[in-house]
Enquirer: 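Structure below; questions to follow.
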Amino acid sequence: MLDRKVRPKMNSLGEIRLQQPISETLNSGCVYHVMNQEDCKVTKIELEFDAGTKYQGKSLVASMVNNILLEGTANSSAFEIASFFDSHGAFIDSSCTADKGSIVLHCLEKSVPELLPYVYELVQTATFPKEEIKNYLDIFSQKNTVNQGKVAWVARNEFTEILLGKDNSYCWKLTEAHFKEIDRIDLVEFYEKQYKNSTFQIYLSGKVSSKVIEAVKLTFSGKVRNSNSFETNTEIVANDKDMVVIEKGNSVQSAIRLGSTTINRRHKDFAALFIANTILGGYFGSRLMSNIREDKGYTYGIGSGVIHLNELSYFVISTEVGSDFTKKTLDEIEFEMNKLQQELVSSDELELVKNYILGNIMKGFDGAFSAMERFQMLNNHGLDYSYYENLIQKIKQVTPQQIKEVAKQYLKYNSLKKIIVGKL
Amino acid sequence: MVEFERHTLKNGLQLIFNKDKTTPIVAFNVLYDVGSKDEEPGKTGFAHLFEHLMFGGSVNIPSFDTPLQAVGGENNAFTSTDITNYYITLPKENVETAFWLESDRMLRLAFSDKSLEVQRSVVIEEFKQMYLNQPYGDVYLLLRPLAYKTHPYRWATIGEKIEHIEEASMEDVKAFFDKHYFPGNATLAISGDLEFEEVIRLTEKWFGDIPEQKKRVRNLPLEPVQTKERTLEVERDVPLNALYFAYHMPPRIHEDYYAVDLLSDILSRGDSSRFYERLLKGTESFVEINAYISGDTEAGLFIVSAKLSEGVTFENAEKLIEEELRNIIENKIAEEELQKVKNKAESTYEFGKTSALNKAMGLAISSLLKEPELFNYEFELYEKVTTSDIQRVAKALLRKENRSKLIYKAKKNVG
């Protein structure tokens, strides 16, 4: 007779295979990395430039350059570019983070040789047509107005200024005024320095045949590039006030965002903090979720995380809660953070979180596309695979006492900067 | 080609298995043939509320998530008008834990009062966060009852109104479980590096003794053919005027479904699409403009949605959109333009096959729609569509009598 109350035997996970790329530097200074997966027909090619928002002198410049790159070159109009990629069933996208700007091509492997020269044209001969800039500003500023009506968006928008200060290169607060300050020349200057003349990383994943590699070599060799970038400022000048409240009286929910700057991935306490954060708010069964969603029902979701930018790291908690629950939610967050500092985590809970994290690392290496994302993270932070080896090792060894210690040091409610949008 | 094998249990549970040797992770997908279309008019939002309750403990297992996370697994679920789908990904070494958990909650839920009380409240917060406290969040709450008069698609999956969720009783919940959660109403699809014999053994072991129940015949009220344009005008505290058209379209397995899907791609997929190039960039009258299909199993909706630039009147916006629609009705599109959207459909399909979870989910959904093979040959149905088909379905669909129009006015622009 089947005893359903008894769980199946828990088997220890097999060794996590950390799939690593093959890399080669081209004479242009660009480096390509290959993560091959034979059994598929599609390829992802990402060109990653040092062109994140932290390098921009004015708000909007980095993301606008990243966007309008695809909107016209010396030889082609925006429509011609879009038609060309669309007609091959390919997806050409660009994306911009705080640290990096990327151009990403998703396509059938067989189309790569035909598409790459066009991608190169975007990198080398983007023209930033005036009407595309105007179009972008018109549409984006109207979208910005729509976003100002979303409490979570407003909280996110204000957060980095309160946490880091308005002069920090990682502060990305956007205001209506920024749309008026943009000049075409700002875009061209940024483009020439951070894209056109700069070295970049080329990440090839999915089916990467010798034909694909040949095409990459042919397209991106030759012209010698440099790696000069605009200066960044990472000095932290946090807001004097611990809490900023932006009233939106008629809102049925409040957005809450709390955070503090913290240690980076190289720090000796990194792994312990990683686990402590997971326990607190880093997964569906976390203490914040269990308490504030699953026990109290104040919210649809709440989470915490440690965000590692290339030059600084911060801890953050965020949620949207029923307006009547704002204060109660803050009290519960404080309660959970204090508890983590005062009480030892049970071995059951710690074991669960350790296995959860190991399972997640395993998923991170499931297939060439995800394995390449892991490598990109390492490469961007100047880390190698010993990072994962150490992390896996430390996850296996960390004790309840160590969790309590890192919570005391890095997860203190009173040192969090707090932003509330809605009703307190 | 995604290879698969099948097995049906005596109690009616369907098993579909795809062997994927390349991954250490198993995708475990349980699809129930129940969606918001199966709800009763006064008790909407139930299928989705129920999905939340499925995580509140089952008859022998107090917590669903905890033991799963303890073996390195993760899970989630979603509810639509047509289905409720639960999925787990976990390391293959511990795949039996997934069988244990999913079978126990198919057998019977714990039905705790606390869980019902909390999940009611969580779903109400979800309702507020996604539909009420979001600019334009209530569009589908308005558009559905305009387009449908009798068919249960007239309410959104989240529910017609918050009160229906507030009033959900334990009795309702139990009745819903009894009616919809049983082996014959479910499809289990698994993708991973396992042996089929072992998968069958585990399926029989854990799901085999769940009692059989007769699958009911679904008898949904038919939606009468729309004969006149319907219009609804609302005013909301949003920054921009918005305009929505919803046209009735054929069901998911109708042969014209694919032509209609491609028609929406021609109008608005990608930056070289007609709407993007001619309306968004060409006229500066729109901040956003899209055409898409709802993708429902029964006869669904073909939707055009637009946010208007400051100062553009509804009349002008409508005229511009109608010109584009008339153009595609009156003039056959070029072969290349059709080939372009087919090529996109092909690469989307190929990218979709690169993950075990996508495969498991795709096989399960195809199986419920018609047969699992559909997952492999569906792309050919897109390939078959001709330029005449596009013109024919455009002509059949994009008529005023077949249209529901939602005029969504920004308060500050009034007066």
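Side chains are part of it too, since the values below use all heavy atoms of this structure and drop only hydrogens, waters and symmetry mates. Not measured: the values here are computed from a predicted model. Letters go in sequence order (proteins before strands), and every chain restarts at 1.
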Enquirer: Given a strict heavy-atom distance threshold of 4.5 Å, which part of B/Phe55 is in contact with chain A: side chain, backbone, both, or neither?
Expert: neither
Enquirer: Using 30° and 60° as the class boundaries, would you call the ring planes of B/His52 and B/His48 parallel, tilted or perpendicular?
Expert: perpendicular
Enquirer: Checking heavy atoms, do the side chain of A/Leu2, its backbone, both or neither come under 4.5 Å from chain B?
Expert: side chain
Enquirer: With under 30° as parallel and over 60° as perpendicular, where do the rings of B/Phe99 and B/Phe28 fit, or are they tilted in between?
Expert: perpendicular
Enquirer: Let me know if B/Leu338 has heavy atoms under 4.5 Å from chain A in its side chain, its backbone, both or neither.
Expert: neither
Enquirer: Show, in sequence, the C-alpha distance, side-chain angles and deciding distance for A/Gln37 and B/Thr22, and conclude whether the side-chain hydrogen bond (donor to acceptor under 3.5 Å, both in side chains) test is met.
Expert: CA-CA 9 Å; A/Gln37 183 170 330; B/Thr22 66; 4.9 Å; no
Enquirer: In terms of heavy-atom pairs under 4.5 Å with chain B, which of A/Leu108, A/Asn135, A/Val146 leads?
Expert: A/Val146
Enquirer: Report yes or no: do A/Lys296 and A/Asn291 form a side-chain donor-acceptor pair below 3.5 Å?
Expert: yes
Enquirer: Check whether A/Phe84 gets within reach of chain B through its side chain, its backbone, both or neither, counting any heavy atom under 4.5 Å.
Expert: neither
Enquirer: Output the option from A/Ile81, A/Asp39, A/Asn250, A/Val42 having the highest count of non-hydrogen pairs under 4.5 Å with chain B.
Expert: A/Val42
Enquirer: Is it possible for you to check whether A/Arg374 lies under 6.0 Å from the centre of the six-membered ring of A/Tyr388, through NZ or CZ, and within 45° of that ring's axis?
Expert: no
Enquirer: Return the option, out of A/Gly367, A/Cys107, A/Cys40, with the maximum number of heavy-atom pairs under 4.5 Å with chain B.
Expert: A/Cys107
Enquirer: Given that the side chain runs from C-beta out, which part of A/Phe365 has a heavy atom under 4.5 Å from chain B: side chain, backbone, both or neither?
Expert: neither
Enquirer: Measure the shortest side-chain to side-chain distance between A/Glu176 and A/Asn144 over non-hydrogen atoms and say whether it is less than 4.5 angstrom.
Expert: yes
Enquirer: May I have the step-by-step check of side-chain contact (heavy atoms from CB on, under 4.5 Å) for A/Met289 and A/Ile302, ending in yes or no?
Expert: CA-CA 6 Å; A/Met289 274 294 262; A/Ile302 179 164; 4.0 Å; yes
Enquirer: Would you mind checking which part of A/Ser370 comes under 4.5 Å of any heavy atom in chain B, side chain (CB onward), backbone (N, CA, C, O), both or neither?
Expert: neither
Enquirer: Report which part of B/Lys205 has an atom under 4.5 Å of a heavy atom belonging to chain A: side chain, backbone, both, or neither.
Expert: both
Enquirer: For the side chain of A/Ser94 and the backbone of A/Ile103, is there at least one donor-acceptor N/O pair under 3.5 Å apart?
Expert: no
Enquirer: Please report whether the ring centroid of B/Tyr276 lies less than 6.0 Å from that of A/Phe79.
Expert: no
Enquirer: Most heavy-atom pairs under 4.5 angstrom with chain A, which of B/Lys281, B/Lys307, B/Gln134?
Expert: B/Lys281
Enquirer: So for A/Ser77, is it side chain, backbone, both, or neither that comes closer than 4.5 Å to the heavy atoms of chain B?
Expert: neither
Enquirer: Can you tell me which portion of A/Phe140 sits under 4.5 Å from chain B's heavy atoms? Options are side chain, backbone, both or neither.
Expert: neither
Enquirer: Sort out for me which of B/Glu350, B/Gln129, B/Glu284 touches chain A most, counting heavy-atom pairs under 4.5 Å.
Expert: B/Gln129
Enquirer: Does A/Glu15, at its CD atom, have more than 12 non-hydrogen atoms belonging to other residues, nucleotides or ligands within less than 6.0 Å?
Expert: no
Enquirer: Side chain, backbone, both or neither: which part of B/Val341 has a heavy atom under 4.5 Å from chain A?
Expert: neither
Enquirer: Could you look at A/His106 and say if it's the side chain, the backbone, both or neither that has a heavy atom under 4.5 Å from chain B?
Expert: both
Enquirer: Are B/Lys344 and B/Asp265 within salt-bridge range, i.e. N to O under 4.0 Å?
Expert: no
Enquirer: Which bit of B/Arg120 is near chain A, if near means a heavy-atom gap under 4.5 Å: side chain, backbone, both or neither?
Expert: neither
Enquirer: Please look at B/Ser115 and chain A and tell me whether the side chain, the backbone, both or neither of the residue comes under 4.5 angstrom of a heavy atom of that chain.
Expert: neither
Enquirer: Please classify the contact between B/Glu96 and chain A as side chain, backbone, both or neither, with a heavy-atom cut-off of under 4.5 Å.
Expert: both
Enquirer: Please state whether the side chain, the backbone, both or neither of B/Asp209 comes within less than 4.5 Å of a heavy atom of chain A.
Expert: side chain
Enquirer: Quick one: of B/Val238, B/Leu132, B/Ile61, B/Thr66, who has the most non-hydrogen atom pairs under 4.5 Å with chain A?
Expert: B/Thr66
Enquirer: Rounded to the nearest 0.5 Å, what separates atom NZ in B/Lys340 from atom CZ in B/Arg269?
Expert: 11.0 Å
Enquirer: Checking B/Ser355 against chain A: side chain, backbone, both or neither under 4.5 Å from a heavy atom?
Expert: neither
Enquirer: In terms of relative ring orientation, are A/Phe85 and A/Tyr118 parallel, tilted or perpendicular, with 30° and 60° separating the classes?
Expert: perpendicular
Enquirer: Hey, are B/Arg274 and B/Glu277 close enough for a salt bridge, meaning a charged N less than 4.0 Å from a carboxylate O?
Expert: no
Enquirer: Are there over 12 heavy-atom neighbours, none belonging to A/Lys41, within less than 6.0 Å of that residue's NZ?
Expert: no
Enquirer: In this structure, are over 12 heavy atoms from other groups packed under 6.0 Å from A/Arg17 atom CZ?
Expert: no
Enquirer: Under a 4.5 Å heavy-atom cutoff, which of A/Glu294, A/Arg4, A/Arg293 has the most pairs with chain B?
Expert: A/Arg4
Enquirer: So what's closer than 4.5 Å to chain B heavy atoms on A/Lys9: side chain, backbone, both or neither?
Expert: backbone
Enquirer: Side chain from CB out, backbone as N, CA, C, O: work out which of these in B/Asp65 comes under 4.5 Å of a heavy atom of chain A, or both, or neither.
Expert: side chain
Enquirer: With only heavy atoms counted, which part of A/Glu38 is less than 4.5 Å from chain B, the side chain, the backbone, both or neither?
Expert: neither
Enquirer: Tell me if the centroids of the rings in B/Tyr382 and B/Tyr349 come within less than 6.0 Å of each other.
Expert: no
Enquirer: With a 4.5 angstrom heavy-atom cut-off, could you sort out which part of B/Lys128 is near chain A: side chain, backbone, both or neither?
Expert: both
Enquirer: May I ask you to name which of B/Val71, B/Val59, B/Leu68, B/Ile124 has the most heavy-atom pairs under 4.5 Å with chain A?
Expert: B/Val71
Enquirer: May I ask you to name which of B/Gly73, B/Pro67, B/Ala356 has the most heavy-atom pairs under 4.5 Å with chain A?
Expert: B/Pro67
Enquirer: Between A/Ala368 and chain B, which part of the residue has a heavy atom less than 4.5 Å away: side chain, backbone, both or neither?
Expert: neither
Enquirer: Contact part of B/Glu117 toward chain A, heavy-atom cut-off under 4.5 Å: side chain, backbone, both or neither?
Expert: neither
Enquirer: Please flag which part of B/Asp237 lies under 4.5 Å from any non-hydrogen atom of chain A: side chain, backbone, both or neither.
Expert: side chain
Enquirer: Measure B/Ser58 against the heavy atoms of chain A and call it side chain, backbone, both or neither at under 4.5 Å.
Expert: neither
Enquirer: Given B/Leu49, which partner from the list B/Val123, B/Val122, B/Ile158 fulfils the side chain to side chain contact (heavy atoms under 4.5 Å, CB included) test?
Expert: B/Val123
Enquirer: Against chain B, work out which of A/Asp366, A/Val151, A/Thr145 has the most heavy-atom pairs shorter than 4.5 Å and name it.
Expert: A/Asp366
Enquirer: Could you check whether the rings of B/Tyr87 and B/Phe78 sit parallel, tilted or perpendicular, using 30° and 60° as the cut-offs?
Expert: tilted
Enquirer: So which residue, B/Thr89, B/Asn76, B/Leu90, ends up with the most heavy-atom pairs under 4.5 Å with chain A?
Expert: B/Thr89
Enquirer: At a heavy-atom distance under 4.5 Å, which candidate from A/Pro8, A/Ser251, A/Gly297 has the highest pair count against chain B?
Expert: A/Pro8
Enquirer: Please assess B/Asn343 against B/Gln339 for the test side-chain hydrogen bond (donor to acceptor under 3.5 Å, both in side chains), listing each intermediate value before the final yes or no.
Expert: CA-CA 6 Å; B/Asn343 289 346; B/Gln339 194 54 49; 3.0 Å; yes
